[in-house]
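First up is the structure itself, then whatever we jot down about it.
First listed ligand is number 1; within each ligand, the first listed atom is number 1. Numbers here are sequence positions counted from 1. Owing to the predicted nature of the structure, the values given are computational and were not obtained by experimental measurement.
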Amino acid sequence: MAALDGLPPLRDVIQRHGLDARKALGQNFLLDLNLTQKIARTAGPLEGVTVFEVGPGPGGLTRAILALGAKKVIAVERDARCLPALAEVADHYPGRLEVIEGDALKTDFEALAPEGPVRIIANLPYNVGTQLLVNWLLPKEWPPFWQSLTLMFQKEVGQRIVAREDDDHYGRLGVLCGWRTRAHMAFDVPPQAFTPPPKVTSSVVHLTPNPEPLHCDVAKLERVTQAAFGQRRKMLRQSVKSLGGEALLTKAGIDPQRRAETLSVEEFVTLANCL
Ligand code: SAM
């Protein structure tokens with residue numbers, strides 16, 4: 001398909017720059033420009049917005065974000081082979097694309113954030129996606145430096161992000177996301193939309209900061225969710241025994257016979273605050 005932005009089709013870009021996909025880097029590329037535009041649009045209007053992207057690869061999603069009018073894209077890519085392809089995109093959009101070669105897990109995004117609105121949009125490498133999300137949920141300041149996160153994950157991870165009580169996917173990630181954000185599933189993407197296709201369906205998840213999350217020490221919240229979901233089928237009096245068991249639950253006003261997956265995010269926060 002000819003590209004609307006006048007740049008060459010992504011398949012040609014990949015071939016010309018020898019970007020054969022590497023599994024170790026979680027490389028499953030999106031070549032369908034309608035789909036990359038759909039992902040970028042999920043982040044809302046981009047005019048005047050700086051976008052952080054992780055893993056631009058050959059630049060399909062990057063191109064969509066720029067074509068939709070983002071003021072600037074700052075993209076962190078670990079694979080140096082992608083840099084010449086991204087330089088062509090940067091030439092096409094002068095002054096609007098900055099590529100940082102490096103590991104996103106070691107990147108201080110907060111320090112990179114300019115004045116003005118920032119959104120994060122990425123088709124994340126599966127092996128580091130959850131850790132990156134957790135890092136973005138735990139910045140020094142809250143509300144955070146970003147206005148929204150629009151992220152592609154394996155569907156199962158997306159389900160864990162948006163899950164709340166009484167859902168089989170509810171766990172530590174759901175509590176953390178439910179405490180600090182409003183999260184929803186935007187849409188699924190089938191394996192065949194990627195080159196090469198992964199084994200599983202993916203999902204785009206959109207998160208916005210909860211402006212005033214209940215006060216809670218995140219380390220304590222982690223301790224209670226780790227204990228409670230570590231033995232999710234057991235009654236809480238058993239699973240949180242090492243943290244105070246029945247006494248702790250009674251202090252928090254929670255029935256010790258309940259199981260972790262029945263507690264709301266607010267109840268987990270109360271439990272953490274009683275530690
Ligand atoms: N955005 C492109 C797309 O949608 O076609 C590529 C997405 S691909 C799923 C993931 C990208 O992340 C790859 O380009 C890979 O090289 C890059 N990557 C993998 N691990 C990374 C890391 N730790 N830091 C930054 N980029 C990484």
Who's the nearest protein heavy-atom neighbour of [atom], and how far?
atom	value
atom 20 (N) of ligand 1	P125 CG, 3.6 Å
atom 1 (N) of ligand 1	G55 O, 2.7 Å
atom 5 (O) of ligand 1	L30 N, 2.8 Å
atom 3 (C) of ligand 1	N123 ND2, 3.5 Å
atom 8 (S) of ligand 1	G26 O, 3.4 Å
atom 19 (C) of ligand 1	L25 O, 3.0 Å

Check your understanding: Under 3.5 Å, N or O to N or O, is D79 touching ligand 1 that way?
Key ->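 No: no nitrogen or oxygen of D79 is under 3.5 Å from one in ligand 1.
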Practice item. Using distance alone, determine whether V128 and ligand 1 share an N or O pair under 3.5 Å. Key: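 The answer is no, given that V128 and ligand 1 share no N or O pair closer than 3.5 Å.
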Practice item. Mark the output for V76 as yes if a heavy-atom distance to ligand 1 is under 4.0 Å, and as no if none is. Key: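 The answer is yes, since V76 has a heavy atom less than 4.0 Å from ligand 1.
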Check your understanding: For ligand 1, is G102 a contact, meaning one of its heavy atoms is under 4.0 Å away?
Key ->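 Yes, G102 has heavy atoms under 4.0 Å from ligand 1.
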Exercise for review: Answer yes or no: are there more than 12 heavy-atom neighbours, outside Q192 itself, under 6.0 Å from its atom CD?
Suggested key: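 It does: Q192 CD has more than 12 such atoms within range.
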By number and element, which atoms of ligand 1 are closer than 4.0 Å to a non-hydrogen atom of [X]?
X	result
D103	22 (C), 23 (N), 24 (N)
G57	14 (O)
E53	1 (N)
P56	1 (N), 2 (C)

Exercise for review: Check I121 against A43 and note the closest heavy-atom contact, atom names and distance.
Suggested key: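 So the minimum-distance heavy-atom pair works out to CD1-CB, 3.5 Å.
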In terms of side-chain heavy atoms, does [X] have a donor or acceptor partner in [Y] at a distance below 3.5 Å?
X	Y	result
T42	H206	no
Q27	R81	yes
Q15	R11	no

Check your understanding: What orientation do Y170 and F229 show, parallel under 30°, tilted 30 to 60°, or perpendicular over 60°?
Key ->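 Because their plane-to-plane angle is over 60°, the rings of Y170 and F229 count as perpendicular.
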Review point. In terms of ring plane angle, is the pair F109 and W136 parallel, tilted or perpendicular, where the classes change at 30° and 60°?
Key: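 Because their plane-to-plane angle is over 60°, the rings of F109 and W136 count as perpendicular.
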Point to revise | Positive for side-chain contact (heavy atoms from CB on, under 4.5 Å) with I65, one of T62, L61, L68 | key: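 The passing option is L61.
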Nearest option to [atom], as decided by whichever heavy atom of [options] sits closest:
atom	options	answer
atom 27 (C) of ligand 1	E101, Q27, R78	R78
atom 17 (C) of ligand 1	Q131, M152, R81, E77	E77
atom 24 (N) of ligand 1	P58, P198, A104	A104

**Study point:** Backbone N/O of R223 and side chain of Q226: donor-acceptor pair under 3.5 Å
**Key:**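 No, because the side chain of Q226 does not come within donor-acceptor range (under 3.5 Å) of the backbone of R223.
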**Study point:** D5 side chain vs A67 backbone, donor-acceptor pair below 3.5 Å
**Key:**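 Between the backbone of A67 and the side chain of D5 there is no qualifying donor-acceptor contact (under 3.5 Å).
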Review point. Side chain or backbone of C82 under 4.0 Å from ligand 1, or both, or neither, by non-hydrogen atoms?
Key: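 Neither part.
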Review point. So, is the end of the R180 side chain (NZ or CZ) under 6.0 Å from the ring centre of W142 and within 45° of the ring's axis?
Key: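 Yes, a cation-pi geometry.
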